[in-house]
Every structure is written in structure tokens, then in C-alpha cells.
Amino acid sequence: MTNPITLEVIRHALIASADEMARNLCRTAYNTVVYEIHDYGIGLHDAAGSVVADSPGLAISTGANDYGIRRSIEFLGADAMREGDVFILNYPYWSSAHTLDPLVFAPIHHDGEIIGFSSCRVHVLDLKQKNAGYVLDSTDAYQEGLMFPASRLYRAGEPNDDVLNVIRFNSRMPERTLGDIHAQVSACWSGMRRMQELAAKYGADVLRQAMADIQSHGERLARLALAELPKGTWTAEDFVDSDGIDLDTPLRLRATVTVTDEEMVIDWTGSEKDVKGPFNLPVGKTLALSGLIFKSLTTPDSPVAAGNFAPLRVVTEPGSIMHAVDPMPTFTQWTGILAGEVVLKALAQGMPERIPASSGGDVSSMMGWGTDPRTGRAWLEATNEAIGYGGHRGGDGEDGIMHLTQPGCRNNPVEVLETKAPLFIEAYGYEQDSGGAGMHRGGVGVHRHYRFEADSTGICLVSKTKSPPWALAGGQEGRPASVVLDAGTEAEVVTGGGTYPRPAGSRLDNRTGGGGGYGDPLDRDPLSVLDDVLDGFVSRRAAEEEYGVLFTEDASAGGSGREASDAGAPASGTAAEAGFAVREARERSLVPDVSGTQRLRDERKRRRLQGAAG
């Protein structure tokens with residue numbers, strides 16, 4: 001075992017090196033999806049390809065890099081990976097993602113031997129997939145773009161122009177696509193240099209042993225936490241809206257989770273098979289999302305190491321939606337976003353005190369593309385939106401934060417979207433009443449209203465609009481995501497994911513899901529409901545209908561809540577001071593009707609008991 005002090009120095013040096021890789025990537029990337037949203041997976045790995053340090057971004061991307069590197073070693077052989085080589089892999093069944101999420105990785109040598117790997121995965125904009133932007137209706141992998149089976153971008157430190165020119169002449173946006181790929185290479189070289197410096201300083205043998213010790217320590221932590229979990233077997237299912245081809249048929253996701261003293265088994269048997277459209281997951285992505293849920297339950301506070309996942313076993317059926325095989329289409333990766341909470345839904349049956357209700361369940365991405373009249377050039381921009389998290393035993397769900405698969409990700413700021421694209425954001429805020437009612441309410445989602453300033457296409461990546469976010473312990477379901485075209489006009493359409501031509505002046509509203517509630521809404525503290533109403537998370541109508549809380553106007557405050565809000569703002573002072581003054585005025589003018597609320601709640605509970613008895 002490595003000297004403990006040396007081990008900690010090396011461990012933190014590896015983590016710092018991964019963070020440096022991320023900074024270099026974001027400084028040099030061309031695509032806002034990378035440098036604003038942080039849609040990347042970055043890692044440093046041991047010689048077997050197992051991650052020892054990462055920089056949080058899109059968590060299921062980092063977890064999938066291990067699988068891609070290991071498959072590449074099997075395909076090429078470690079001896080064929082020379083110093084200075086850099087590889088690109090986006091063959092979905094090995095890379096663990098769709099073709100636009102290429103894995104770029106480099107072997108790291110010291111004294112002629114491989115001591116590890118550096119990896120960087122990002123979402124690039126175009127690799128000759130059949131549709132610009134995103135593919136929602138492919139029926140085989142050959143419609144989804146160029147595929148590289150661990151091909152050399154750099155050979156012995158020199159660019160491989162054969163491969164780079166293939167990419168250049170097969171991309172609708174070659175400058176931005178190649179710019180992002182070169183940024184990935186730069187990130188990998190950064191990680192390579194730092195690991196080589198550690199090997200030179202401490203010796204390759206000490207570094208190898210330190211990485212082995214990091215893995216062993218990660219496994220010990222996971223097994224200690226596993227021992228504390230309730231034991232048993234539980235099954236749950238949920239649904240993806242459709243396969244993109246048959247829009248009326250949902251796709252079943254089924255997970256059976258078994259927890260023993262030795263392992264957790266996540267068995268995806270029974271999930272949809274023979275899916276025609278592009279919602280199938282490469283098995284590496286299934287392993288990664290399953291590992292993310294396992295880590296969240298066992299070692300959420302420790303840095304990522306492959307050892308964390310040693311007590312996890314994942315079972316899949318080849319040919320199913322959770323284990324795509326060639327040439328099954330895999331482009332729309334949203335199954336990997338929705339599937340994790342099926343595992344949580346199963347576990348909630350046996351450990352409800354540890355598991356929250358469902359989140360809004362989707363990242364509800366809106367991607368737009370077209371020609372920008374300001375420049376005459378093609379544009380393509382996107383953003384992932386925040387959602388509400390589920391209520392839980394300890395309190396309310398969080399409001400408007402990124403999905404659990406994206407712990408290091410952000411959304412694209414309004415100012416960036418409006419600068420980069422002919423878009424105007426008319427509104428952006430919390431989606432009132434989207435959180436499920438409960439003693440602990442579900443967090444609310446958000447909405448963003450786009451007005452297109454030029455003829456464009458909106459691509460909405462939303463796949464959980466038909467099955468509502470599930471609740472726990474008597475709470476109410478959250479409101480699922482939706483897309484609204486031309487809201488407030490005679491042409492208004494409420495829909496879900498899809499590709500929508502948007503003429504200049506038209507509008508698209510992207511509304512994300514809220515989390516499920518936890519516990520009986522009639523047991524929620526009326527003062528908490530008052531706070532929700534004042535904050536705009538819950539409407540007065542929902543306060544009465546869902547929580548049984550009635551309000552009365554306090555005449556001593558001088559009128560209605562709105563009048564008091566207007567009167568309460570000071571004529572001058574900071575925005576924060578004005579906000580506090582407004583809130584204080586509103587609190588004085590709107591108060592719960594205690595006796596009326598109690599009578600209403602008692603009556604509803606009495607009717608509920610009568611209904612159960614009947």
C-alpha cells in the first residue's frame with residue numbers, strides 16, 4: 001500500500017488534473033453546449049481503462065468512458081497504442097453514446113509503457129447524421145452519421161489528416177465540429193502531461209500502486225454503505241413517450257433491484273425489446289446510469305473511482321432498449337435520462353426514507369437551427385432546462401435545478417442564446433403548480449418562451465410528457481413536461497418532443513416537469529403553503545384545491561395582497577431591500593384562514609375515509 005500522505009497527494013493531484021482538463025476544454029471549445037452547458041465527460045484512468053479521477057459534467061458520459069476505452073483496448077490491443085496517439089471512438093455500441101458524443105482518448109506512457117489514459121467526451125454539432133441538429137426518427141445506425149471505431153486523430157503526436165479531412169468534408173459545420181474535437185485533444189494532452197509528471201516525480205510503480213489503492217478505497221467505502229441499506233428485491237417500471245416512429249405507443253422501462261450483503265443487482269429484464277426508433281441505449285450507457293444511481297446511494301460525497309461500482313452488477317437483455325446491438329438506432333439518448341429514476345422507484349418500495357419522489361424526469365432540451373439573417377451563416381444552439389425534484393421525508397424537493405444525470409451541467413444563459421441565434425426569450429421563470437402537492441411538495445420546473453426572429457427549426461428533446469412524475473407516501477404526482485407552440489393564439493398546440501418548423505415571429509414555450517409530492521398534502525403546514533403562494537410556486541387556486549388552505553385578507557395591512565405589494569416597495573434602495581419590503585407587505589396582507597382551513601381539511605379527510613370504506 002502507498003504511504004497514506006503520498007497517496008492523498010497523488011489522489012488530489014489526479015483530481016486537480018481532471019479539473020484542469022475541463023478548464024482547457026471550455027477555454028478552447030467552439031460550441032456553447034460544451035463551454036456554457038458543460039455537456040462533457042472527462043476522466044483520468046488507470047492502465048486498464050478504469051477511471052481514477054474525473055471532472056463533473058454530464059455524469060453518465062464520464063461513467064461511459066471506461067467502457068469505451070476497454071472496448072478499444074480489446075479491438076486494437078494495448079501494444080498498438082503508441083506514445084502520442086490520440087483516438088476518436090463514436091461507434092455507439094462501444095463508445096456508449098450516440099455518434100455526436102465522440103469519445104476522444106489518449107494512452108499515457110512512461111518509459112515506453114502505458115500507465116493510464118486520459119479521456120474527454122463532448123457533444124459535437126454535426127457528423128453527417130441524416131438531419132441537422134438532432135435525429136429523432138432514425139431506424140438504423142447508418143442514418144445517424146459517421147462512425148469511427150477507435151481511429152487515430154493523432155499518430156505519434158502528429159495530426160492524422162486522413163481522418164481529420166473525412167470529418168471536415170462530412171460535417172455541415174466543419175469549423176465548429178473540428179474546433180470542438182481539437183479542444184478534446186487539448187484536454188487529453190493536458191491530462192497526459194500531468195500524469196506523466198506524477199510518474200516522473202514519484203516513480204511509475206508508486207503511481208500505479210496509488211491508483212490501485214484509490215480503487216480499493218473506493219470499493220471499501222461502497223461496501224460499507226451497501227451494508228447499511230435495507231435488503232430485498234423490488235421491481236418498478238415507467239415509460240418513455242414513444243420511439244419517435246410510432247408516436248402513440250410508449251416504451252416500457254422495467255428495473256428489478258436486489259440488494260444483498262454482497263452486491264446490488266439492477267436487472268433491466270422486461271424492458272422494451274425490438275424498438276424501431278432511436279431510443280435504444282448502448283450497454284455502456286446503461287452501465288453508467290445504473291452506476292450513477294448506485295453511487296448516489298452509497299458514496300455520494302466521495303470523488304469518483306471505478307472501485308465505487310465494484311459491488312454493482314447490471315443485467316441486460318441484448319436487443320432490448322437497454323442493450324442496443326448493431327445496427328439498432330441509438331441517436332436519441334433520452335432513455336438514459338429517464339431510466340435512472342425507474343431504479344429509484346423500485347428502491348422506494350423498500351427504503352422510502354432514503355428515496356425522494358420522482359423529479360420532473362427530463363432535461364427538456366430545446367435546440368434551434370437555421371440561417372441567421374444577421375450573418376448569413378448557419379446557426380445551431382441548444383439548452384437543457386432545469387426541473388423540479390421530488391419531495392422527500394426530510395422536506396420539499398428543490399425548485400428548478402439540473403437533472404440528476406447532469407450534476408456538473410448548466411443551462412445556456414438568455415444573453416448567450418440571444419447573441420448566438422436569432423431568438424428572443426420572452427419569459428423565463430418557475431412553472432407555477434408544476435410540483436406535486438404533498439406534506440413535502442415537489443419542486444417546480446421552469447419555463448422558457450422563445451420567439452423566433454427568423455425562419456428556423458425547433459427541435460424539442462422531451463420524452464416524458466405522458467407519464468407524470470410519481471409521488472410517495474400519499475403525495476400527488478408532479479406535472480410532466482410539455483411543449484406549447486404559438487401559445488395564446490388560435491393555432492396553439494400543446495405537444496411533446498419533436499421537430500417543429502418555426503416561421504419568423506412564431507413562438508415556442510418549453511415547460512419542464514415538477515417533482516412528485518411526499519406525504520398527504522392536507523398535512524402540510526398552512527404557513528408553508530402561504531410561503532409557496534407568496535413565492536409564486538403555488539397558486540391560490542391550488543392552495544385551496546390541493547392543500548385545503550384558505551386565505552383571508554388582513555384589513556390592517558391596507559388592502560389586497562397586490563395593493564400591499566405595490567405599496568410596500570421603497571422609493572429607493574437596493575433591489576434586495578425592495579424585495580424584502582414587498583414580501584413583508586404581502587405577508588401582512590395575506591394570511592391563512594385557520595378555522596376555515598381546518599374545517600375544509602377535516603371535511604376532505606372525512607370524505608376520503610368514507611370513500612375508502614365504501
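Just so it is clear, the model here is predicted, and its values are computed rather than measured.
Between the side chains of Ser271 and Glu317, no donor-acceptor pair of N or O atoms lies under 3.5 Å. Defined by atom type and a distance below 3.5 Å, a donor-acceptor pair is present between the side-chain atoms of Arg121 and Asn65. In this structure, a donor-acceptor pair under 3.5 Å is present between the side chains of His45 and Asp66. Side chains of Ser190 and Asn24: a donor-acceptor N/O pair is present below 3.5 angstrom, by distance only. Using a 3.5 Å distance cut-off with no hydrogens or angles, the side chains of Ser359 and Glu341 do pair a donor with an acceptor. Checking Trp268 against Ser290 by side-chain atom types alone, a donor-acceptor pair falls below 3.5 Å. Residues His123 and Asp39 have side chains that never bring a donor and an acceptor to within less than 3.5 angstrom of each other. Side-chain contact of Tyr91 with Asp326: a donor-acceptor pair under 3.5 Å is present, judged by distance alone. Residues Asp213 and Gln209 have side chains that bring a donor and an acceptor to within less than 3.5 angstrom of each other. No hydrogens or angles considered: nothing links the side chains of Asn510 and Ser364 as a donor-acceptor pair under 3.5 Å.
Annotation: side chain of Met322 is in contact with side chain of Leu289 (closest heavy-atom distance under 4.5 Å). Inter-residue side-chain proximity for Val185 and Val104 is flagged as met; some heavy-atom pair is nearer than 4.5 Å. Two residues are said to be in side-chain contact when any heavy atoms from C-beta on lie closer than 4.5 Å; Gln129 and Leu100 meet this criterion. With contacts defined as side-chain heavy-atom distances shorter than 4.5 Å, the pair Val363/Ile387 does not qualify. In this structure the side chain of Leu44 reaches within 4.5 angstrom of the side chain of Met21, judged on heavy atoms. Inter-residue side-chain proximity for Asp238 and Leu338 is flagged as unmet; no heavy-atom pair is nearer than 4.5 Å. By the 4.5 Å heavy-atom criterion applied to side chains, Glu113 and Arg208 are counted as neighbours. With contacts defined as side-chain heavy-atom distances shorter than 4.5 Å, the pair Ser50/Gln215 qualifies.
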(message) Run the side chain to side chain contact (heavy atoms under 4.5 Å, CB included) test on Ser72 and Phe87 for me, step by step, so that the C-alpha distance in whole Å, both residues' side-chain angles and the decisive distance to 0.1 Å come before the verdict.
(response) CA-CA 9 Å; Ser72 297; Phe87 297 87; over 6 Å; no
(message) Working note: Val283 + Tyr67, criterion side chain to side chain contact (heavy atoms under 4.5 Å, CB included); need CA distance, chi angles, decisive distance, verdict.
(response) CA-CA 9 Å; Val283 68; Tyr67 187 84; 3.3 Å; yes
(request) Report the C-alpha separation of Asp101 and His98 in whole Å, then their side-chain angles, then the decisive distance to 0.1 Å, and conclude whether the side chain to side chain contact (heavy atoms under 4.5 Å, CB included) test is met. (result) CA-CA 6 Å; Asp101 285 352; His98 65 184; 3.2 Å; yes
(request) Any chance you could lay out the side chain to side chain contact (heavy atoms under 4.5 Å, CB included) test for Met402 and Arg410, step after step, and finish with the verdict? (result) CA-CA 7 Å; Met402 301 307 290; Arg410 313 180 301 193; 5.7 Å; no
(message) side chain to side chain donor-acceptor pair (under 3.5 Å), that's the test. Do Asn280 and Thr330 meet it? Break it down for me.
(response) CA-CA 5 Å; Asn280 302 289; Thr330 64; over 6 Å; no
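Arg354 places no side-chain N or O within donor-acceptor distance of the main-chain N or O of Leu229, the cut-off being under 3.5 Å. Judged by distance alone, with hydrogens and angles left aside, the side-chain atoms of Thr260 form a donor-acceptor pair with the main-chain N or O of Glu263 at under 3.5 Å. Not one N or O on the side chain of Asn412 forms a donor-acceptor pair closer than 3.5 Å with the backbone of Thr383. A donor-acceptor pair under 3.5 Å is absent between the side-chain atoms of Thr405 and the main chain of Ile337, judged by distance alone. With hydrogens and angles disregarded, a donor-acceptor distance shorter than 3.5 Å links the side chain of Gln196 to the backbone of His109. No side-chain donor-acceptor contact under 3.5 Å links Ser171 to the backbone of Ile167. Within the 3.5 Å criterion, the main-chain N or O of Leu404 finds a donor-acceptor partner in the side chain of Tyr389. Between the side chain of Thr99 and the backbone N or O of Leu146, no donor-acceptor pair lies under 3.5 Å. Asn160 places no side-chain N or O within 3.5 Å of a backbone atom of Tyr154 that could act as its donor or acceptor partner. In this structure, the side chain of Gln184 engages the main chain of Pro102 through a donor-acceptor pair within 3.5 Å.
In this structure, CE on Met147 lies 13.0 Å from CD1 on Ile88, to the nearest 0.5 angstrom. To the nearest 0.5 Å, atoms CG (Asp85) and SG (Cys188) are separated by 12.5 Å. Note that CG of Asp180 and CG of Asp126 are 11.5 Å apart. Values are rounded to the nearest 0.5 Å. Rounding to the nearest 0.5 Å places CG of Leu292 at 13.0 Å from CG of Leu287. Atom CG of Leu198 sits about 11.0 Å away from atom NE2 of His110, to the nearest 0.5 Å. For the atom pair Leu207 CG and Glu197 CD, the distance stands at 12.0 Å (nearest 0.5 Å).
Glu158 and Arg155 are not joined by a salt bridge, as no carboxylate oxygen comes within less than 4.0 angstrom of a charged side-chain nitrogen. The existence of a salt bridge linking Glu219 and Arg223 is confirmed by a sub-4.0 Å separation between a basic side-chain nitrogen and an acidic carboxylate oxygen. Residues Lys231 and Asp261 are paired through a salt bridge, judged by an N-O separation under 4.0 Å between the basic side chain and the carboxylate. Glu381 has a carboxylate O that lies under 4.0 Å from a charged side-chain N of Arg176, or vice versa, which qualifies the two as a salt bridge.
Residues satisfying the side chain to side chain donor-acceptor pair (under 3.5 Å) test with His323, not counting sequence neighbours, are Thr316.
When all heavy atoms of Pro282 and Ala97 are compared, the pair lying nearest together is CG-N, 3.8 Å. In terms of heavy-atom proximity, Gly68 sits nearest to Leu89 at O-CD2, 3.5 Å. When all heavy atoms are compared, the tightest approach of Tyr40 to Ala22 is OH-CB, 3.7 Å. Across all their heavy atoms, Ile115 and Ala204 have their closest contact at CG2-CB, 4.3 Å. The minimum heavy-atom distance between Val135 and Thr332, with the atom names listed, is O-OG1, 2.8 Å. Across all non-hydrogen atoms, the minimal contact from Ile42 to Cys120 is CG1-SG, 4.0 Å.
Counting heavy atoms of neighbouring residues, nucleotides and ligands inside a 6.0 Å radius, atom NZ of Lys201 does not exceed 12 of them. In this structure, Glu262 places its CD atom where only 12 or fewer heavy-atom neighbours from other residues, nucleotides or ligands lie under 6.0 Å away. When the shell of 6.0 Å around CG of Asp79 is examined, it contains 12 or fewer heavy atoms from other residues, nucleotides or ligands.
Screening Val259, Thr258, Val265 for a side-chain contact (heavy atoms from CB on, under 4.5 Å) with Thr233, the sole residue that qualifies is Thr258.
Two rings, from Phe75 and Trp94, have their centers less than 6.0 Å apart. Side-chain rings of Tyr134 and Phe331 approach one another, their centers coming within less than 6.0 Å.
Remark: Arg448 qualifies as a cation-pi partner of Tyr428 under the 6.0 Å distance and 45° angle criteria applied to the six-membered ring.
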